[in-house]
> 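Can you keep this structure in mind? I'll have questions shortly.
Numbering of residues begins at 1 and proceeds along the displayed sequence.
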Amino acid sequence: MRRSILIASALVTTLALSACGSADDAGDAAEDTTDESTAEATDAGEDMATGSLTVWVDETRESAVESAAEAFETETGAEVEIVLKNFEDIRSDFIAQVPTGEGPDVTVGAHDWLGELITNGVVAPVELGATAEEFEDVAVEAFTADGAVYGLPYAIENIALIRNTELADTAPATWDDAISMGEDADTKYPFLIQTGTEGDPYTYYPFQTSFGAPVFEQNEDGSYSPELAMGGEAGDAYAQWLAEQGEAGTLTTDITYDIAVEAFAKGQSPFIVGGPWMLEQFADLDLAIDPVPAAGDQAAQPFVGVQGFYVSAQSENALLANDFLVNFLSTQDAQTALFEAGGRPPALTAAADAASSDPIVAGFREVGAEAVPMPSIPEMGSVWAFWGVTEANIISGSADPAEAWSKMISDIEGALDS
């Protein structure tokens, strides 16, 4: 069985060490020591084989994880305790409880928690081995830091262009194309992007990347360094674009999330930038999912968020935890069950292929494959407040674009240095 490989390896190592330790003893004492060591090693192997895991899940994922846990218990003889948690509480509770020896062996979580979890020393690498090749590249990349993978991914989430096909029968190639098509549709709004007075840099990010101004520098393995990359000429060009669109009325801080979703649902625009969480409210519309049209001369790359499972750095059953993740939560059945529960494209390629028979899922998946992981480094926490308000102020015309963007960069760098 898949489980027995891990346990047998640990048991053989323990027996070998015990044999070496008793080699210099003689007579009956040696036999007694060897017998005792062998018995202890056997007990250790049995404990590992029949150990227990505690797994934190939220309500959405509970049923899917329970099914995988039942299969795991049947095959390994181990016990799995499923603990239901509010998703909003998991990160803080995990960070608080793991150092005290409490908390779970495994928890559900988001990849952008990774930097904070590593900084607090509460998460251990997951040994995916050859299984890593069975996942979408961006999913594994999102959980990678310093060359190690720290999570078993199960779902990928990103925004895209959601198009009402009755109002626009083809996908726009560029921002200008989208605005022209929106005006031709003669709807109230040519294009909808949630903004509000606080801005929304997450939703605006693909437009920013199309100007070549990513938030941080990326390393070769896809992880981020804490060096800001959204300044300079590229950042200035993006800021100028925001100002121009605000002046033209194609972008406005009057459009909040609720207003944008309601307007699109009523057929008041052919386009909205958003994610699968909006789709339930668009059930009466014929939709297509397209790449976000570029405003600059580079590809528009949204952030991608990846959901997965972490192993506690203090788990006393780390081998079992790794086995549970790699051999039971990475199966096509498990990943499909998690997809059906959460409605996000699976991270496992085979499950994603099957789910992509739905063109809506396929559309989000295609955009996500070209997206970039949300930075998981702790420095990301210093960016959001300055970033969103600056974009909103530029769009509203209350700030000079170049000056406001430059001040934002200085403010973020000051926060990073503090």
Side-chain angles (χ1 to χ4, degrees), residues 110-112 114 135-144 153 155-163 171-178 191-195 199-242 245 251 271-278 288-307 344-345 347 352 361-377 379-380 383-384 387-388 391 405:
H111 92 268
D112 58 317
L114 181 55
F135 287 88
E136 304 281 81
D137 290 342
V138 71
V140 176
E141 182 180 308
F143 277 103
T144 299
I156 298 172
E157 178 178 274
N158 54 270
I159 59 175
L161 183 68
I162 303 174
R163 172 168 53 93
T174 67
W175 169 261
D176 289 341
D177 289 341
F191 199 103
L192 287 165
I193 310 176
Q194 65 195 57
T195 308
D200 192 332
Y202 173 84
T203 304
Y204 273 79
Y205 194 64
F207 300 105
Q208 182 173 324
T209 57
S210 76
F211 286 91
V215 57
F216 286 113
E217 298 285 354
Q218 272 189 285
N219 302 314
E220 289 186 4
D221 65 359
S223 62
Y224 288 87
S225 67
E227 302 295 327
L228 282 179
M230 56 181 175
E233 292 182 3
D236 289 344
Y238 171 62
Q240 185 61 42
W241 176 80
L242 291 174
Q245 300 308 311
L251 299 178
F271 307 112
I272 187 171
V273 177
W277 50 87
M278 293 179 174
I289 307 301
D290 305 313
V292 177
D297 60 3
Q298 298 186 31
Q301 293 182 290
F303 282 131
V304 64
V306 182
Q307 301 281 329
R344 308 299 190 260
V361 175
F364 277 110
R365 180 192 182 191
E366 290 170 9
V367 174
E370 302 300 323
V372 291
M374 173 89 73
S376 61
I377 56 177
E379 289 81 1
M380 191 66 184
V383 173
W384 293 113
W387 196 6
E391 289 183 338
W405 201 257

> Nearest 0.5 angstrom please: Glu366 CD to Asp290 CG, how far?
9.5 Å
> Are Thr144 and Ser223 close enough that some pair of their side-chain heavy atoms sits under 4.5 Å apart?
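They are not in contact (no side-chain heavy atoms under 4.5 Å apart), so the answer is no.
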> Under 3.5 Å, side chain of Ser210 to main-chain N/O of Ala295, donor-acceptor pair present?
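Between the backbone of Ala295 and the side chain of Ser210 there is a qualifying donor-acceptor contact (under 3.5 Å).
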> If you look at every heavy atom in Gly363 and Ile289, which pair is closest and at what distance?
C-CG2, 3.6 Å
> State, to 0.1 Å, how close Val367 and Ala160 come at their nearest heavy-atom pair, and which atoms those are.
CG2-CB, 3.8 Å
> Walk me through it: do Val273 and Ile162 pass the test side chain to side chain contact (heavy atoms under 4.5 Å, CB included)?
CA-CA 6 Å; Val273 177; Ile162 303 174; over 6 Å; no
> Could you state the interatomic distance from CG (Leu161) to CZ (Phe271), rounded to the nearest 0.5 Å?
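Output value for this atom pair is 6.0 Å.
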> Is the CG atom of Asn219 crowded by more than 12 outside heavy atoms at less than 6.0 Å?
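Yes, enclosed.
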> Working to the nearest 0.5 angstrom, can you tell me the gap between Asp112 CG and Met380 CE?
8.5 Å
> Does atom CD (Glu370) have a neighbourhood of more than 12 heavy atoms from anything else shown, all under 6.0 Å?
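Result for CD/Glu370: open.
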> Step by step, would you call Glu391 with Tyr238 a side chain to side chain donor-acceptor pair (under 3.5 Å)?
CA-CA 10 Å; Glu391 289 183 338; Tyr238 171 62; 2.9 Å; yes
> Are the side chains of Phe143 and Pro373 in contact, using a 4.5 Å heavy-atom criterion?
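Contact flag for Pro373/Phe143 side chains = no.
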> Please determine whether ring pair (Phe, Tyr, Trp, His ring centres under 6.0 Å) holds for the pair Trp387 and Tyr205, giving the CA-CA distance in whole Å, both sets of side-chain angles, and the decisive distance to 0.1 Å.
CA-CA 11 Å; Trp387 196 6; Tyr205 194 64; 5.8 Å; yes
> Measuring only between side-chain heavy atoms, which start at C-beta, is Met230 closer than 4.5 Å to Trp405?
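Side chain of Met230 against side chain of Trp405, heavy atoms only: contact under 4.5 Å found.
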> Minimum heavy-atom separation for Pro172 to Pro293, with atom names?
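Answer, listing the atom of Pro172 first, then Pro293: O-CB, 4.1 Å.
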> Nearest 0.5 Å please: distance from the CE atom of Met278 over to the CD atom of Gln194.
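Met278 atom CE to Gln194 atom CD measures 4.5 Å (nearest 0.5 Å).
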> Less than 4.5 Å apart, any side-chain heavy atom of Gln245 and any of Trp175?
yes
> Quick check: do Ile159 and Pro206 have side-chain heavy atoms less than 4.5 Å from each other?
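When only atoms from C-beta onward are counted, Pro206 and Ile159 do touch, with a gap below 4.5 Å.
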> Does Ala213 offer a backbone N or O that forms a donor-acceptor pair with the side chain of Gln208 under 3.5 Å?
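Yes: the side chain of Gln208 pairs with the backbone of Ala213.
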> Find out whether Glu157 and Phe303 are in side-chain contact, i.e. whether some heavy atom of one side chain is under 4.5 Å from a heavy atom of the other.
no
> Would you mind reporting whether Val215 and Pro375 have side-chain heavy atoms less than 4.5 Å apart?
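When only atoms from C-beta onward are counted, Val215 and Pro375 do touch, with a gap below 4.5 Å.
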> Give, for atom CG of Leu228 and atom CD of Glu217, the distance between the pair rounded to the nearest 0.5 Å.
9.0 Å
> For the residue pair Arg344 and Ala155, what are the closest heavy atoms and their distance?
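Minimum heavy-atom separation between Arg344 and Ala155: CB-CB, 3.9 Å.
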> Would you call the rings of Phe207 and Trp241 parallel, tilted or perpendicular, where under 30° means parallel and over 60° means perpendicular?
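Parallel, since the angle between the ring planes stays under 30°.
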> Checking side chain to side chain contact (heavy atoms under 4.5 Å, CB included) for the pair Glu233/Phe211: CA distance, chi angles, key distance, verdict?
CA-CA 9 Å; Glu233 292 182 3; Phe211 286 91; over 6 Å; no
> Can you give me the closest heavy-atom contact between Ile156 and Ala139, atom names plus distance?
CD1-CB, 4.1 Å
> Nearest 0.5 angstrom please: Thr195 OG1 to Tyr204 OH, how far?
2.5 Å
> What are the two closest heavy atoms between Ala294 and Ala300, and how far apart are they?
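Reported closest heavy-atom pair: CA-CB, 4.0 Å.
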